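Heads up: the structure comes next, in structure tokens.
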Amino acid sequence: MRIAVIGTGYVGLVSGVCFSDFGHEVVCVDKDPRKIERLKKGEIPIYEPGLETLMAKNVEAGRLSFTLDLAEAMADAEVVFIAVGTPTRRGDGHADLTYVMAAAEEVARIAKDYIVVVTKSTVPVGTNRKLAAVVAAANPDLDFDVASNPEFLREGAAIEDFMKPDRVVVGVESERASKVMSDIYRPLYLRDFPIILTDLESAEMIKYAANAFLATKITFINEIAALCEKVGADIKQVSRGMGLDGRIGNKFLHAGPGYGGSCFPKDTKALARIGQEHACPMLITEAVIKVNEDVKRRMVDKLLDLSGGSFNGQTIAVLGVTFKPNTDDMRDAPSLTLIPAMLGGGGCVRVTDPQGRHEGERLLPGVEWLEDAYLAAQGADLLVILTEWNEFRALDLERLATGMRTARMADLRNIYAPADVIKAGFIAYEAIGRRGASTA
Ligand SMILES: NC(=O)c1ccc[n+]([C@@H]2O[C@H](COP(=O)([O-])OP(=O)(O)OC[C@H]3O[C@@H](n4cnc5c(N)ncnc54)[C@H](O)[C@@H]3O)[C@@H](O)[C@H]2O)c1
């Protein structure tokens with residue numbers, strides 16, 4: 001099978017590399033010359049564990065290549081995947097489909113023989129049908145089908161998720177397209193991973209419903225955490241007690257500083273928008289969006305309280321700026337709300353992150369970047385754990401406390417035990433949804 005993939009971001013690149021590892025011949029195309037230049041040199045433009053090695057293996061085997069030229073990528077291709085961004089459209093929360101539709105039009109102009117145009121980008125219900133109309137208008141003689149194939153990979157575990165998915169969802173309307181899609185995913189089908197073949201609208205809806213549900217679960221536990229703080233319960237115990245119930249499950253039940261990232265914020269907003277457009281308001285999702293904003297605001301208040309009511313003149317060390325560990329992705333990360341609030345309040349912010357600096361330098365002007373947690377904490381008045389990178393899970397707390405001017409900790413991922421932190425020499429410790437501790 002010859003496959004073209006448009007977009008070499010987190011989804012396009014991982015999909016292209018993994019399809020080539022299935023044995024297909026894949027050409028990935030991007031309009032960003034810097035990305036293609038790096039990929040041709042064997043470097044990956046994003047941080048994703050294991051991706052560079054798998055990419056090198058398949059490039060060497062002659063199954064995977066990169067180009068700026070869509071016509072070159074599509075030569076003899078039977079299928080083209082669109083994996084470009086669908087960010088939130090300014091003003092109304094709708095998913096911006098400009099990039100998807102532009103890619104579809106380009107495909108239509110180039111294609112000569114039967115082709116399946118597959119949307120891997122997350123797109124609102126109804127988009128694939130509109131996309132088919134765009135292709136047909138741009139090239140009325142073209143024999144083609146569209147397919148919806150939403151992606152569920154998680155950044156940081158993307159290869160594992162792609163190679164061992166909980167399910168693959170494919171929306172198709174013709175036998176011919178169904179056969180092409182089944183051939184592509186045959187290696188997974190043979191290993192008994194479930195493939196859901198459905199209609200276009202259901203495939204599109206599955207993606208939004210799944211993401212909105214996960215965002216709801218996180219937000220629910222964050223709201224329960226706020227109540228735990230008021231009533232003296234411990235969210236870690238509550239999460240464990242809930243999560244052991246098989247009907248609930250323990251995933252996405254960790255209280256934190258609010259969800260962020262490239263998917264949940266934009267996909268919840270887009271689902272709310274789809275509901276409004278169809279006069280069927282998604283009230284739960286709308287509440288989730290609002291509560292998540294409140295959670296982030298509550299984090300600022302928590303840090304302010306711990307800083308004695310003002311950030312002015314305080315030096316604050318922040319550990320982690322990416323929206324979660326094992327990625328360099330900063331899109332809608334809680335750090336983008338919290339750090340500007342501290343800087344705006346007159347704080348001096350020192351930051352460390354194993355992979356976030358490249359993006360973070362652009363997005364967080366005015367912070368000082370340090371190599372590790374100990375250097376960041378040197379002379380600080382408050383240490384904030386914002387992303388639970390493994391590097392931050394077993395820090396030498398005594399060494400941290402000794403280096404600080406005033407040793408206070410805000411553990412916004414609940415990774416330390418209050419008693420251990422105080423024993424190590426900190427004078428105050430605050431976490432999420434459970435009692436803090438102090439020497440006062
Ligand atoms: N990031 C994730 O974890 C994730 C998971 C599941 C689904 N998705 C969805 O997948 C889609 C892509 O997300 P992403 O995070 O990979 O985006 P991204 O921004 O990392 O990558 C998109 C890429 O597409 C390229 N591009 C845009 N228009 C193009 C064109 N006409 N021709 C060639 N290249 C073009 C851009 O240059 C960019 O490199 C989105 O709809 C997203 O919602 C993302």
Side-chain angles (χ1 to χ4, degrees), residues 4-18 27-39 44-49 51 66-74 80-89 94-110 117-124 127-128 131 134 138 148-162 165-169 203-204 206-208 210-212 214-215 259-271 322-324 326-333 358-359:
V5 180
I6 306 180
T8 60
Y10 292 87
V11 166
L13 187 57
V14 171
S15 306
V17 169
C18 293
V27 186
C28 294
V29 59
D30 204 290
K31 62 180 183 181
D32 183 342
R34 283 163 310 173
K35 283 193 178 173
I36 294 300
E37 199 180 308
R38 290 192 65 185
L39 288 164
I44 60 166
I46 53 170
Y47 175 75
E48 184 57 51
L51 190 57
F66 304 95
T67 179
L68 274 171
D69 181 2
L70 181 59
E72 185 189 323
M74 281 176 58
V80 54
F81 281 82
I82 299 178
V84 301
T86 48
T88 301
R89 188 163 73 191
H94 198 281
D96 184 348
L97 297 174
T98 318
Y99 306 105
V100 170
M101 293 306 179
E105 235 182 288
E106 281 178 69
V107 167
R109 292 222 177 85
I110 292 166
V117 186
V118 187
T119 312
K120 223 182 209 324
S121 303
T122 303
V123 293
T127 302
N128 277 281
L131 190 141
V134 166
S148 167
N149 177 214
E151 183 49 57
F152 298 92
L153 62 79
R154 293 163 301 163
E155 288 173 19
I159 295 175
E160 173 92 359
D161 286 352
F162 201 95
D166 290 339
R167 77 309 206 182
V168 173
V169 173
E204 292 165 333
I206 288 168
K207 176 65 191 174
Y208 279 104
N211 269 5
L214 293 172
Y259 64 73
S262 61
C263 291
F264 290 169
K266 82 175 174 62
D267 294 348
T268 45
K269 282 184 206 141
L271 182 64
T322 54
F323 85 93
K324 67 173 181 180
N326 294 325
T327 183
D328 56 350
D329 200 339
M330 298 265 316
R331 286 177 279 185
D332 272 309
H358 182 68
E359 273 295 288

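All ligand and atom numbering here is 1-based and tracks the order in the structure. As the structure is a computational prediction, the values presented were derived from the model and not from experiment.
Distance check: Leu70 CG to Lys31 NZ gives 12.0 Å after rounding to the nearest 0.5 Å.
Leu39 is listed as a side-chain neighbour of Leu13, based on a closest heavy-atom distance under 4.5 Å. The shortest distance between side-chain heavy atoms of Thr122 and Lys207 falls below 4.5 Å.
For Glu72, the side-chain hydrogen bond (donor to acceptor under 3.5 Å, both in side chains) partners are Thr67, not counting sequence neighbours. Residues passing the salt bridge (charged side-chain N to carboxylate O under 4.0 Å, His left out) test with Glu106, sequence neighbours excluded: none. Take Phe162 and apply the ring pair (Phe, Tyr, Trp, His ring centres under 6.0 Å) test, not counting sequence neighbours, and it matches Phe19.
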Pick out the protein N or O atoms lying less than 3.5 Å from any N or O of ligand 1, and list each pair with its distance.
unit_1: ligand 1; atom_1: 1 (N); unit_2: Glu155; atom_2: OE2; d: 2.8
unit_1: ligand 1; atom_1: 1 (N); unit_2: Ser262; atom_2: OG; d: 3.2
unit_1: ligand 1; atom_1: 3 (O); unit_2: Glu155; atom_2: OE2; d: 3.2
unit_1: ligand 1; atom_1: 15 (O); unit_2: Arg331; atom_2: NH2; d: 2.8
unit_1: ligand 1; atom_1: 16 (O); unit_2: Tyr10; atom_2: N; d: 3.0
unit_1: ligand 1; atom_1: 16 (O); unit_2: Val11; atom_2: N; d: 2.9
unit_1: ligand 1; atom_1: 20 (O); unit_2: Tyr10; atom_2: N; d: 3.4
unit_1: ligand 1; atom_1: 31 (N); unit_2: Glu106; atom_2: OE2; d: 3.3
unit_1: ligand 1; atom_1: 34 (N); unit_2: Lys31; atom_2: N; d: 3.3
unit_1: ligand 1; atom_1: 37 (O); unit_2: Asp30; atom_2: OD1; d: 2.7
unit_1: ligand 1; atom_1: 39 (O); unit_2: Asp30; atom_2: OD1; d: 3.4
unit_1: ligand 1; atom_1: 39 (O); unit_2: Asp30; atom_2: OD2; d: 2.6
unit_1: ligand 1; atom_1: 39 (O); unit_2: Lys35; atom_2: NZ; d: 2.6
unit_1: ligand 1; atom_1: 41 (O); unit_2: Thr86; atom_2: OG1; d: 2.5
unit_1: ligand 1; atom_1: 41 (O); unit_2: Thr122; atom_2: N; d: 2.9
unit_1: ligand 1; atom_1: 43 (O); unit_2: Thr122; atom_2: OG1; d: 3.3
unit_1: ligand 1; atom_1: 43 (O); unit_2: Lys266; atom_2: NZ; d: 2.5

